[in-house]
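Take this structure first; my questions come after.
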Amino acid sequence: MTTPAATTAPRLFFGWWQVVVAAVQGFYAVGGASFAAGVFLIPMRDDLGWSASLIFGALSLRMFAGGIIGAMLGPLAEHRWAPRVIMPLGAVLMSLSFVMVKWAQTPFDFVLWYGIVGAAGTALASPVVLEAIAVKWFVRRRAAAMTWFQVGPPLGVLAFPVVLTALIAWVGWRDAWLWSGLSILVTMLPLTFLVRSRPEDVGMLPDGDAAPPPSRGPAAPANYDTGLTARQALRTQAFWLLTIAAFVGMFGFPGYQSHWVPYFREVGFDAATAAFGVFVFGIFSVSSRFVWGYFASRYEVRPVFTIQMLLSAVGVVIILFARNEAMLVVWAVAQGLTMGSFFQLQAILAPQYFGRQNIGAIRGMMWMPMNFAAGIAPLALERLHAWRGDYNAAFLMVLAFWLVTAALVYVSRAPRGVGRG
């Protein structure tokens, strides 16, 4: 007797491979972009005489242009073939944006490869598209999927400062760029060929279900296909509240994070101790994904998200008093346990508000202002630091923005009549 293919569950649901691809992309995008500039700043400045404004300006260009274009590609998550084309190309360009800096001799060389080519790679290997794809593959198990999806970025935070600091000490800053870029190519490129837009495109259902869930009663977790179009979402108050919250909150990520190592060096820590502090943050940031994922799977996401942002703001207060190793560790633990779930909780809340069907286009529109903030934040905080002579005002601005984010998320409500798909 044979079993119909539709009722035979695969040993490993293919949706989890979409999560793996997204996590690896986040590992390199966050660790490789936000922290590379900060770690390479001092050795490149000492060797080439380049200013912090140049290096963080290239990072801002990479984040801004790449993010805006990547957000515009969000609707491609709804297409069957497009992600399978753009993701491998994005991985190659991300790799080149590191590899070619080894031979950079002028500021133009650095801006071209790290800034412009890096922006193209960031756009094509878009986290917006990957997030939307992962959301489409899961409904009941979405909180768990987003938890594993968001493990990648803190692992990048965990690994890159320590690895890059060691590589620079061992082979010099030029070869450290080279080996970092080759690792992107070898690790990320093969995984991009596994990307598929929706489970329905390969004869599957979300969560690996053999049949649709009940449409009524307590067993019904969500309707697979309900939701707003992008145009309908634009007319809701919830869209604008979440989008503004994401915009102001985003200042605290590539902006705040990229300045941690320079800040710690400025207040008296050596390079190894500064990298250790960020390493401890990374350990607890990875763990925090599971903590906040647990709460998001059992309680309403909106108040959980609000509490997470308030506690993240407390971490900014702590860093301003970190002047010895003990306080550095206190900050790393507190900030690690609170900060990183900003993206994870957004990715869970947005489809609850707007549905699953057009989430790529909707999240693409939300990511555009987020990426504008991501692009200008590193340079804006550096300019504020240069003007004030320390990081106090820059970090207090991050704190204020996170309090605003918490308030906006708290007052938001899902549009009426939208399925939680």
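Note that the structure is a prediction, hence the values are computed from the model and not measured.
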Notebook entry, point to check: If you take all heavy atoms of Tyr353 and Ala414, which pair is closest and at what distance?
Noted result: CD1-CB, 3.5 Å
Check: For the ring pair Trp177 and Tyr114, is the centre-to-centre distance below 6.0 Å?
Finding: yes
Check: Between Ser53 and Arg383, is a side chain to side chain donor-acceptor pair (under 3.5 Å) present by the stated rule, with each step listed?
Finding: CA-CA 8 Å; Ser53 295; Arg383 288 288 81 204; 3.1 Å; yes
Notebook entry, point to check: Between Ile318 and Val330, which heavy-atom pair has the shortest distance, and what is it?
Noted result: CG2-CG1, 4.2 Å
Check: Considering all heavy atoms of both residues, which atom of His385 and which atom of Glu266 are nearest to each other, and what is their separation?
Finding: NE2-OE1, 2.5 Å
Check: Among Ile319, Val280, Thr273, whose side chain to side chain contact (heavy atoms under 4.5 Å, CB included) with Leu328 holds?
Finding: Thr273
Notebook entry, point to check: Is the cationic atom of Arg302 (NZ for Lys, CZ for Arg) positioned less than 6.0 Å from the six-membered ring centroid of Tyr410 and within 45 degrees of its normal?
Noted result: yes
Check: Any chance the rings of Phe40 and Trp173 have centres within less than 6.0 Å?
Finding: no
Next item on the list: State, to 0.1 Å, how close Arg140 and Asp207 come at their nearest heavy-atom pair, and which atoms those are.
Entry: N-OD2, 2.9 Å
Notebook entry, point to check: Counting N and O atoms only, with roles assigned by atom type, does the side chain of Tyr28 sit under 3.5 Å from a partner on the main chain of Ser180, one being a donor and the other an acceptor?
Noted result: no
Check: Do you know the tightest heavy-atom contact between Leu61 and Ala119?
Finding: O-CB, 4.1 Å
Next item on the list: Cation-pi check, Arg196 to Phe14: give yes when NZ or CZ is under 6.0 Å from the six-membered ring centre and within 45° of the ring axis, no otherwise.
Entry: no
Check: Are Tyr391 and Glu382 close enough that a side-chain donor and a side-chain acceptor fall under 3.5 Å?
Finding: no
Margin query: Consider ring pair (Phe, Tyr, Trp, His ring centres under 6.0 Å). Of Phe160, Phe276, Trp260, Phe264, which one does Phe281 pass it with?
Written below: Trp260
Check: How about Gln346 and Arg363: does a side-chain donor come under 3.5 Å of a side-chain acceptor?
Finding: yes
Notebook entry, point to check: How close do Met250 and Phe342 get, heavy atom to heavy atom, and via which atoms?
Noted result: N-CZ, 4.0 Å
Next item on the list: Check step by step if side chain to side chain contact (heavy atoms under 4.5 Å, CB included) holds for Met309 and Val409.
Entry: CA-CA 9 Å; Met309 291 308 303; Val409 170; 5.6 Å; no
Next item on the list: Can you measure from OG (Ser97) to CD1 (Ile116) and round to the nearest 0.5 angstrom?
Entry: 12.0 Å
Margin query: Tell me if the centroids of the rings in Phe247 and Trp367 come within less than 6.0 Å of each other.
Written below: no
Next item on the list: On the 0 to 90° scale, with breaks at 30° and 60°, tag the Trp16-Phe138 ring pair as parallel, tilted or perpendicular.
Entry: tilted
Checklist line | Side-chain heavy atoms of Leu59 within contact of Ile55, under 4.5 Å | finding: no
Item checked: Neighbour count above 12 (heavy atom, 6.0 Å) for Gln237 CD -> no
Check: Does one side chain, of Gln308 or Ser312, offer a donor that lies under 3.5 Å from an acceptor on the other?
Finding: yes
Check: Could you go step by step and tell me if Val129 and Met87 meet the side chain to side chain contact (heavy atoms under 4.5 Å, CB included) rule?
Finding: CA-CA 9 Å; Val129 174; Met87 290 295 166; 3.6 Å; yes
Check: What residue among Arg198, Glu200, Glu131 forms side chain to side chain contact (heavy atoms under 4.5 Å, CB included) with Lys136?
Finding: Arg198
Margin query: Could you go through Leu399 and Val317, starting from their C-alpha distance and side-chain angles, then the distance that decides it, and tell me whether this counts as side chain to side chain contact (heavy atoms under 4.5 Å, CB included)?
Written below: CA-CA 8 Å; Leu399 184 152; Val317 176; 3.2 Å; yes
Notebook entry, point to check: For residues Arg142 and Ser297, is any side-chain donor paired with an opposing acceptor at under 3.5 Å?
Noted result: no
Note to self: For Met72, is the CE atom crowded, meaning more than 12 foreign heavy atoms sit under 6.0 Å from it?
What the structure shows: no
Note to self: Ring centroids only, cut at 6.0 angstrom: are Trp137 and Phe149 within range, meaning strictly under it?
What the structure shows: no
Check: Hey, is CH2 on Trp179 packed in by over 12 heavy atoms from elsewhere, all under 6.0 Å?
Finding: no
Check: Using a distance-only test with no angle check, is there a side-chain donor-acceptor pair under 3.5 angstrom linking Asp109 and Trp103?
Finding: no
Next item on the list: Determine, step by step, whether Met100 and Val117 satisfy the side chain to side chain contact (heavy atoms under 4.5 Å, CB included) criterion, reporting the C-alpha distance in whole Å, the side-chain angles of both residues, the deciding distance to 0.1 Å, and the verdict.
Entry: CA-CA 10 Å; Met100 297 305 295; Val117 175; over 6 Å; no
Margin query: Could you tell me if the side chain of Val111 sits less than 4.5 Å from the side chain of Leu54, heavy atoms only?
Written below: yes
Next item on the list: Report yes if the side chains of Leu320 and Leu396 come closer than 4.5 Å at any heavy-atom pair, otherwise no.
Entry: yes
Item checked: Crowding at CZ, Arg413 (>12 non-hydrogen neighbours, <6.0 Å) -> yes
Item checked: Pair Ser51-Arg45, side-chain donor/acceptor within less than 3.5 Å -> no
Notebook entry, point to check: Is any side-chain heavy atom of Met370 closer than 4.5 Å to a side-chain heavy atom of Phe251?
Noted result: no
Margin query: Could you check whether atom CZ of Arg231 has more than 12 heavy atoms from other residues, nucleotides or ligands sitting under 6.0 Å from it?
Written below: no
Checklist line | Enclosure of Tyr299 OH (heavy-atom neighbours >12, cutoff 6.0 Å) | finding: no
Note to self: Test your reading of the model: is there a side-chain donor-acceptor pair from His259 to the backbone of Pro378, 3.5 Å cut-off?
What the structure shows: yes
Item checked: Aromatic ring proximity, centroids under 6.0 angstrom, Tyr263 and Phe395 -> yes
